[in-house]
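Structure, as structure tokens:
In what follows, chains are A, B, ... by sequence order, proteins preceding strands, each numbered from 1.
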Amino acid sequence: MSGNAAFLGMPAFPRNAAAAVQDSQLRFNLRKATRTIRGRRASVVAELPDWAELRAAGRQIKDHTLRNLDRYLLQLEEAVTAAGGHVHWAADAAEANRIVTGLVRATGETSVVKVKSMATQEIGLNEALGRAGVTAYETDLAELIVQLGDDWPSHILVPAIHRNRSEIREIFRAKMAAWGRPAPGELTDDPRALAEAARLHLRERFLSTKVAISGANFMIAETGTLVVLESEGNGRMCLTLPETLISVVGIEKLLPTWRDLEVFLQLLPRSSTGERMNPYTSTWTGAAEGQEFHLVLLDNGRTRVLADEVGRQALRCIRCSACLNVCPVYERAGGHAYGSVYPGPIGAILTPQLRGMASELDASLPYASSLCGACFDVCPVAIDIPEVLVHLRGKARHPRAERLGMRAAGWVFDRPARLAGAQRLAGRLRRFVPGRLPGPLAAWTDTRDLPDIPAESFRDWWNRTNGGTR
Amino acid sequence: MSGGKERILARIRAAVAGAPDVEITRVYRTTRDLPGAVELFAERVADYRAAVHVVAEAEATATITAALAGRGAVRVVIPAGLPPEWTPPEPVADDPPLSAAELDAVDGVITGCAVAIAETGTIVLDAGPGQGRRALTLVPDYHLCVVRADQIVADVPDAVGRLDPARPLTWISGPSATSDIELNRVEGVHGPRVLEVIVVR
């Protein structure tokens, strides 16, 4: 259920959020988790005196790469191929799924192990493999919780952030047996015991599965190197032990040179898990240690985002999730309300651009924000999320009542005489203005108070009293 | 397959046509000398709840022996090229290469490293002599890593500059861990649950 297809037909954000904020368990879990990570991030970022300079370099490297993306992708392909790897290009989700399914089938295997990957969730790869008779086993602890619970991811870094320890224990006890080794009989809800249960559950699978599927955090054009940052060692297991490795990576994950990693290996761990460095980072170039290696380069809407002068900065995103953890809207509504594998502030600008704004849900996402700007402040590649939100609001189709209202307001504000006349009229009628506006206008007053209308406008008062002197 | 490639490249070119290029300014800290790098490295490794010892060269062998005894590690795998003074009396050699199941059955592994980073408490392995293929430090539950003091650099940029991207690299910062349950850090998931680091001056 983790693919984007699971979100199809979801109602717009305001309805999802209104339901989510009634879930006190969810709000408690999110509040606790986001507060913990916010504190950790702030302390390790403060340790670096050159954070602002690293952030500026990160933004520039990404912008330069995006400007020259065609050239760098070709350079990457050449380097990967020279190192014994195979490169495939997928214009959309269907093409990527077809390529990966074909590669897995060619090995004759019917199961694959997976490293947590946003790109493969975005294209619904697990479902596509399932239809081809291939079982995909998620190995990241949070992804495992989501997969066993037949649930949806709700956070970029920690997809099961909406679950607390006792819920996780219940999922493990009820579901592990159906997917492999059952949970230990005396499983407690101690996080250590839960991690141990995941270790035992997946151990044999790691040692015996012959095909792995991953994403990547970075690809280096100059050398053809792929980079995966992780914590648990499940990534290393998948990248190292299987005979065949297939990596599905969005085209925007590119960096021009090996040296550029010196910036991003400082920005990402500190922004993401709030650590000086994540436990494990693996880098490999082509067919490492005799492994069969396939790289699938994924577009799936990214070039459409690239064509938007304001919106293209969303492609700088390195998926750290710092913007989710500081967002007052995300903290209350949770990730599911965004109806996409990319939730939170970055999701609110990425999803409508990747998918287009045809559905009611996608058109509502640019409004899933109070524009407070906390996301921009913490973004390690300086994506001005509020700027893109406002830009997308301008592009979204607005309701008829709003369009008529705005046209009327424009007519009034266009001439000082009209404005003064309207103000005088409003002042005289102010006793008759209801607290809740009728018809479609109620959408405004349901969530806001109407401002008090003064008896006299400031200009009229100034003219009458000569600036208060009479 | 090539159809996808041409389509993607054409879309990119249309999307960025006329956009200005962006210059990259690297005014962040790069290579630098760091007095007390050994002490900082030891402190930062210990922050990840790994065991750390800083010893003189003459004490290396005794420290390794004591560390293995402390963990009850008897069957210990070693990579080719591990210095003899770091090698226990009856090691398990990875020659011919051990299967994953055989690696799962040993008590631990001893390796050196390629580079270590003081600021982040990271050790980097590049599958070179004394380090071996990547599975060696992954499947066994206990990893004892010996770091020579002159391998410790100040920060991430120094390490990136010293490493060869053509080699498969593993950057290790503490034992395997997860923050997936309520964002609390718990050590010990799929990688080695115990990391012990000996710094030899």
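- We find the CD1-CE distance between B/Ile123 and A/Met277 to be 12.0 Å, quoted to the nearest 0.5 Å.
- With a 4.5 Å cut-off on non-hydrogen atoms, B/Ala177 touches chain A through its backbone and its side chain both.
- In terms of heavy-atom pairs under 4.5 Å with chain A, the best-connected choice from B/Arg13, B/Glu187, B/Arg134 is B/Arg134.
- Remark: B/Glu57 CD is loosely packed, at most 12 non-hydrogen atoms of other residues, nucleotides or ligands lying under 6.0 Å away.
- Heavy-atom distances place no part of B/Asp158 under 4.5 Å from chain A, backbone and side chain included.
- Contacts of B/Ala127 with chain A are made by side-chain atoms alone, with heavy-atom separations under 4.5 Å and no backbone atom involved.
- Contact annotation for B/Arg26: only side-chain heavy atoms (C-beta onward) come within less than 4.5 Å of a heavy atom of chain A.
- Using a 4.5 Å cut-off between heavy atoms, A/Ala56 does not touch chain B at all.
- At a 4.5 Å heavy-atom cutoff, the contact between A/Leu202 and chain B is made by side-chain atoms alone.
- Within the 4.5 angstrom heavy-atom criterion, atoms from both the backbone and the side chain of B/Val139 approach chain A.
- For chain A, the nearby part of B/Thr122 is the side chain; its heavy atoms alone come within less than 4.5 Å.
- Side-chain polar atoms of B/Thr137 and A/Arg236 form a donor-acceptor pair below 3.5 angstrom.
- One finds no salt bridge joining A/Asp299 and B/Arg7 here, because no Lys/Arg side-chain nitrogen approaches an Asp/Glu carboxylate oxygen to under 4.0 Å.
- Within the 4.5 angstrom heavy-atom criterion, atoms from both the backbone and the side chain of A/Ala288 approach chain B.
- With a 4.5 Å cut-off on non-hydrogen atoms, A/Arg71 does not touch chain B at all.
- Proximity of a side-chain donor or acceptor of A/Tyr280 to a complementary backbone N or O of B/Thr170 within less than 3.5 Å is not detected.
- Counting heavy-atom pairs closer than 4.5 Å to chain B, the top-ranked of the candidates A/Leu241, A/Leu54, A/Asp308 is A/Leu54.
- Contact annotation for B/Leu163: both backbone and side-chain heavy atoms come within less than 4.5 Å of a heavy atom of chain A.
- Of the two parts of A/Thr283, the backbone and the side chain both hold a non-hydrogen atom closer than 4.5 Å to a non-hydrogen atom of chain B.
- Using a 4.5 Å cut-off between heavy atoms, B/Pro192 touches chain A through backbone and side chain atoms alike.
- With a 4.5 Å cut-off on non-hydrogen atoms, A/Leu207 touches chain B through its backbone and its side chain both.
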Show the numbers, then the answer: is there a side-chain contact (heavy atoms from CB on, under 4.5 Å) between B/Val16 and A/Leu69? CA-CA 9 Å; B/Val16 300; A/Leu69 195 56; over 6 Å; no
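- The closest side-chain heavy-atom distance from B/Asp21 to A/His64 is below 4.5 Å.
- Both the backbone and the side chain of A/Leu141 come within contact range of chain B, with heavy atoms under 4.5 Å apart.
- Only the side chain of A/Arg40 comes within contact range of chain B, judged by heavy atoms closer than 4.5 Å.
- For A/Arg203 (side chain) and B/His190 (main-chain N/O), a donor-acceptor pair under 3.5 Å exists by modelled atom type.
- Annotation: maximal heavy-atom pairing with chain A below 4.5 Å, among B/Asp47, B/Asn184, B/Asp104, occurs at B/Asp104.
- Ranked by heavy-atom pairs under 4.5 Å with chain A, the list B/Val156, B/Val186, B/Ile8 is led by B/Ile8.
- In this structure, chain B has no heavy atom under 4.5 Å from any part of A/Glu204.
- With a 4.5 Å cut-off on non-hydrogen atoms, A/Glu275 touches chain B through its side chain but not through its backbone.
- Contacts between B/Glu23 and chain A at a heavy-atom distance below 4.5 Å involve the backbone alone (N, CA, C, O).
- A donor-acceptor pair under 3.5 Å is formed between the side chain of A/Thr285 and the backbone N or O of B/Pro165.
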Let me see the working for A/Glu262 and B/Thr30 under side-chain hydrogen bond (donor to acceptor under 3.5 Å, both in side chains), right down to the final yes or no. CA-CA 9 Å; A/Glu262 72 187 18; B/Thr30 50; over 6 Å; no
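- Put simply, the side chain of B/Ile12 reaches to within 4.5 Å of the side chain of A/Leu306, judged on heavy atoms.
- Electrostatic pairing of B/Asp141 and A/Arg199 counts as a salt bridge here, judged by a charged N lying under 4.0 Å from a carboxylate O.
- With a threshold of 4.5 angstrom between heavy atoms, A/Arg270 approaches chain B through side-chain atoms but not through N, CA, C or O.
- Heavy-atom distances place the backbone of A/Thr139, and not its side chain, under 4.5 Å from chain B.
- Within the model, atoms CG of A/Asn234 and OG1 of B/Thr178 stand 8.5 Å from one another, a figure rounded to the nearest 0.5 Å.
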